[in-house]
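In what follows, a single structure is set out as structure tokens and then discussed.
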There are 2 protein chains.
Amino acid sequence: MATTIIDVAKEANVSPSTVSRVIANNPRISERTKQKVREVMDRLDYHPNFQARNLAAKSTKTIGVIMASSSVLAFQNPFFPEVLRGICSAAHASKYGMYLSTGETEEEIFDEVVSMTQGRRVDGIILLYSKVKDRTMDYLQSIDFPFVVVGRPFENEASVTYVDNDNTAIAAEVVDYLLSLGHQDIAFVGGDINYVVSRDRLAGYQQALETAGIPFQQAYYLQDSTVNEDGASAIDALFHLPNRPTALIAHDDLTAYEIISILERKEINVPTDISIISFNNHVLSQHLRPPLTSVDIQIYDLGLEATECLLNKMDDPKLPATHRIIGAKIITRESCARRGID
Amino acid sequence: MATTIIDVAKEANVSPSTVSRVIANNPRISERTKQKVREVMDRLDYHPNFQARNLAAKSTKTIGVIMASSSVLAFQNPFFPEVLRGICSAAHASKYGMYLSTGETEEEIFDEVVSMTQGRRVDGIILLYSKVKDRTMDYLQSIDFPFVVVGRPFENEASVTYVDNDNTAIAAEVVDYLLSLGHQDIAFVGGDINYVVSRDRLAGYQQALETAGIPFQQAYYLQDSTVNEDGASAIDALFHLPNRPTALIAHDDLTAYEIISILERKEINVPTDISIISFNNHVLSQHLRPPLTSVDIQIYDLGLEATECLLNKMDDPKLPATHRIIGAKIITRESCARRGID
DNA sequence: CTGAAAGCGCTTACAG
DNA sequence: CTGAAAGCGCTTACAG
């Protein structure tokens with residue numbers, strides 16, 4: 001059996017309470033006693049049992065991280081490691097541990113969250129996604145468990161703590177950038193519309209067009225799932241339009257890569273024939289040919305600040321909901337060009 | 001306060017022991033009682049407290065996943081999300097949870113592992129890397145804690161359970177492939193030599209050359225850190241050699257991308273002027289221009305099988321160490337070509 | 001500044 | 001098939 005607090009207490013000729021207080025570095029214990037107890041802890045190679053400590057103290061010092069369902073996509077998405085890195089870094093700084101969800105379906109994830117929270121496996125939860133009508137989020141709110149969302153909540157925005165980019169504004173900015181290059185016929189390949197981020201970016205796209213007096217065309221709007229499933233024909237349709245687009249906004253770099261590959265096979269040149277810009281600024285985007293113009297949404301900071309918000313919330317559950325907006329900026333590379341004269 | 005086993009027991013008119021047995025689905029409890037108790041659990045929305053259960057049962061049903069130090073690299077490495085996906089999937093199938101290390105330095109990671117194991121925070125550990133002279137691994141072995149390594153251990157290979165590719169053989173195969181294309185002057189950009197994987201691949205490279213009767217040239221061997229720090233000049237040196245290489249093997253796709261970008265700036269064409277092949281077969285490798293020939297090492301399977309091995313080990317700690325070798329294969333794309341006539 | 005005691009919420013021999 | 005009791009290894013009022 002591993003050595004326990006009792007062993008240490010006996011060896012140091014103090015009570016277990018005292019050992020416990022030394023572990024917690026309680027100021028009411030004399031330095032002399034602390035030294036003595038610490039020496040014994042070292043000598044016996046004592047390490048407190050987490051379960052016992054957590055049970056007694058009613059806290060776990062761990063954060064639950066919930067990924068979106070369909071793990072293949074969640075993991076493949078370059079967003080994931082980067083946001084995790086941010087979370088990791090903030091958690092580590094506050095000596096918190098990270099517990100990762102493993103559920104694969106929405107149902108499983110929901111059940112996992114219920115048992116994580118009810119079973120007190122974690123002290124707080126970070127939701128790595130924001131979905132329309134999300135049971136999990138509703139549930140967390142209903143039991144008043146400390147949580148924070150990376151992304152803007154679909155409902156109850158004011159009462160939920162979240163960290164997000166201003167996706168609507170960024171998407172509008174992207175459109176403006178293309179407009180400034182002389183483009184008018186701008187296609188938009190958006191993400192899954194069940195995620196709020198996809199809706200926000202679409203809204204930004206539409207608003208910017210409207211501001212510029214350019215009507216929104218349904219045919220210019222695709223979902224990235226279409227491209228990933230049968231990319232060639234979706235892109236084909238786009239390029240057989242009477243006014244074929246001269247610019248295209250992709251929901252993320254992966255989609256952009258996919259599209260560029262398809263275009264290449266059709267001998268459509270980027271950026272000469274069509275300008276392409278996307279979101280997320282993947283590490284590899286600079287290595288693509290042409291190097292991809294992409295929006296840096298500061299994923300690491302999203303994770304970092306989400307964790308800080310959560311830590312605050314856990315510290316003081318009565319704190320009002322906070323919202324942090326992380327800046328983003330267009331990283332100009334070579335996939336966008338001034339519109340040629342038709 | 002959350003509802004406890006006592007609440008359920010009272011409500012169902014049984015003892016807490018019985019409720020506990022119903023939770024564990026103990027066959028000695030009658031179906032009738034089970035039904036009754038389950039109904040009450042549902043009605044009261046009861047969820048067992050993990051800490052209490054773990055403390056009493058002396059098991060945590062969670063796996064600790066330890067990443068290599070220097071988290072920036074660990075996270076950025078595309079290896080990470082993919083191996084995690086494999087682990088996740090196997091853990092989930094066995095209803096295990098995942099606890100992630102957050103340490104940033106080797107020292108911190110070591111301390112984390114000590115407290116994870118001594119503090120019984122996890123039942124088993126997966127080491128996501130294998131380093132030369134690794135304290136952490138030595139420690140795990142010394143306390144006889146269930147663990148498995150993704151990668152080949154540097155020492156005590158026979159007594160440590162691990163999952164790995166046969167990196168030596170694969171590297172040799174890569175060389176043979178290039179030889180078959182007529183290349184003789186083959187450069188090798190390897191990984192950090194503190195990792196066993198880097199050593200194995202280098203060994204495979206050297207062996208294959210030797211078998212082919214081609215002397216190993218120190219000038220043809222670089223470490224990827226050199227390329228990442230001051231890529232241009234390292235590559236420059238390579239191309240100013242009297243016999244400049246006509247082929248190059250890169251430790252991973254990221255390094256290959258980096259090199260290709262540098263070459264492009266020098267107007268050295270891949271594959272006309274130099275053939276490039278690398279390891280890991282990143283999702284995006286097919287989208288690079290030219291599409292990158294790369295070795296698929298089946299990262300997902302590495303994670304999956306490592307977890308299975310660990311689960312077995314935890315089930316029966318007396319089991320002898322097992323070693324699983326995961327297959328790998330060269331995915332031929334367009335970055336390698338037959339050697340031109342000089 | 002320190003200790004004795006109760007309690008955190010479970011599981012599991014032991015007994016019947 | 002079920003229950004009473006001890007115990008898992010801590011923390012934390014309470015008391016002095």
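Throughout, a chain's letter reflects where its sequence line sits, starting with A, and its residues are numbered from 1.
- Here the rule is side-chain contact (heavy atoms from CB on, under 4.5 Å) with B/Ile6, and of B/Val8, B/Thr3, B/Thr4 only B/Thr4 fits it.
- Here B/Asn156 pairs with B/Gln141, B/Ser159, B/Val160 under the side chain to side chain contact (heavy atoms under 4.5 Å, CB included) rule; sequence neighbours left out.
- Sorted by first and then second residue, the ring-ring contact (aromatic ring centres under 6.0 Å, His included) pairs with a member in residues 23-45 of chain A form an empty list; sequence neighbours excluded.
- A sub-4.0 Å separation between OP1 or OP2 of D/dT11 and a side-chain N or O of A/Arg53 is present.
- For A/Asp42, there are no side chain to side chain contact (heavy atoms under 4.5 Å, CB included) partners two or more places apart in sequence or in a different chain.
- Sorted by first and then second residue, the ring-ring contact (aromatic ring centres under 6.0 Å, His included) pairs with a member in residues 18-57 of chain B form an empty list; sequence neighbours excluded.
- For DNA chain C, runs of at least 3 consecutive pairs of the Watson-Crick or G-U wobble type, with both hydrogen-bonding distances under 3.5 angstrom, map to C:1-3 with D:14-16, C:5-12 with D:5-12, C:14-16 with D:1-3.
- Within residues 11-24 of chain A, the residues having any heavy atom under 4.0 Å from DNA chain C are, by residue number, A/Val14, A/Ser15, A/Ser17, A/Thr18, A/Arg21.
- Under the side chain to side chain contact (heavy atoms under 4.5 Å, CB included) criterion, B/Asp138 pairs with B/Glu155, sequence neighbours left out.
- Looking at the side chain of B/Ala57, the nearest of the listed nucleotides C/dG9, D/dC10, C/dT11 is C/dT11.
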Only distances under 3.5 Å count here; give the side-chain donor-acceptor pairs of residues 14-22 of chain B to other protein atoms, sequence neighbours excluded, each with its distance to 0.1 Å.
from	atom 1	to	atom 2	distance (Å)
B/Ser15	OG	B/Ser17	N	3.4
B/Ser15	OG	B/Thr18	N	3.3
B/Ser15	OG	B/Thr18	OG1	3.2

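- Taking the side-chain hydrogen bond (donor to acceptor under 3.5 Å, both in side chains) definition, one finds that B/Ser30 meets it with B/Thr33, sequence neighbours left out.
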Without placing hydrogens or testing angles, list every side-chain donor-acceptor pair under 3.5 Å for residues 124-132 of chain A, not counting sequence neighbours.
from	atom 1	to	atom 2	distance (Å)
A/Ser130	OG	A/Arg152	O	2.5
A/Lys131	NZ	A/Glu106	OE1	3.2

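- Near DNA chain C, meaning a heavy atom under 4.0 Å from it, residues 26-34 of chain A has A/Arg28, A/Ile29, A/Ser30, A/Thr33 in order of number.
- In the set D/dG9, C/dC8, D/dC10, D/dG9 carries the atom at the smallest distance from any side-chain atom of B/Leu55.
- Residue pairs that meet the ring-ring contact (aromatic ring centres under 6.0 Å, His included) test with at least one member in residues 86-126 of chain A, sequence neighbours left out, are A/Phe110-A/Tyr139.
- Distance A/Lys10 NZ to C/dG3 P: 15 Å, rounded to the nearest Å.
- Within the 4.0 Å cut-off from OP1 or OP2 of C/dG9, at least one side-chain nitrogen or oxygen of A/Lys58 is found.
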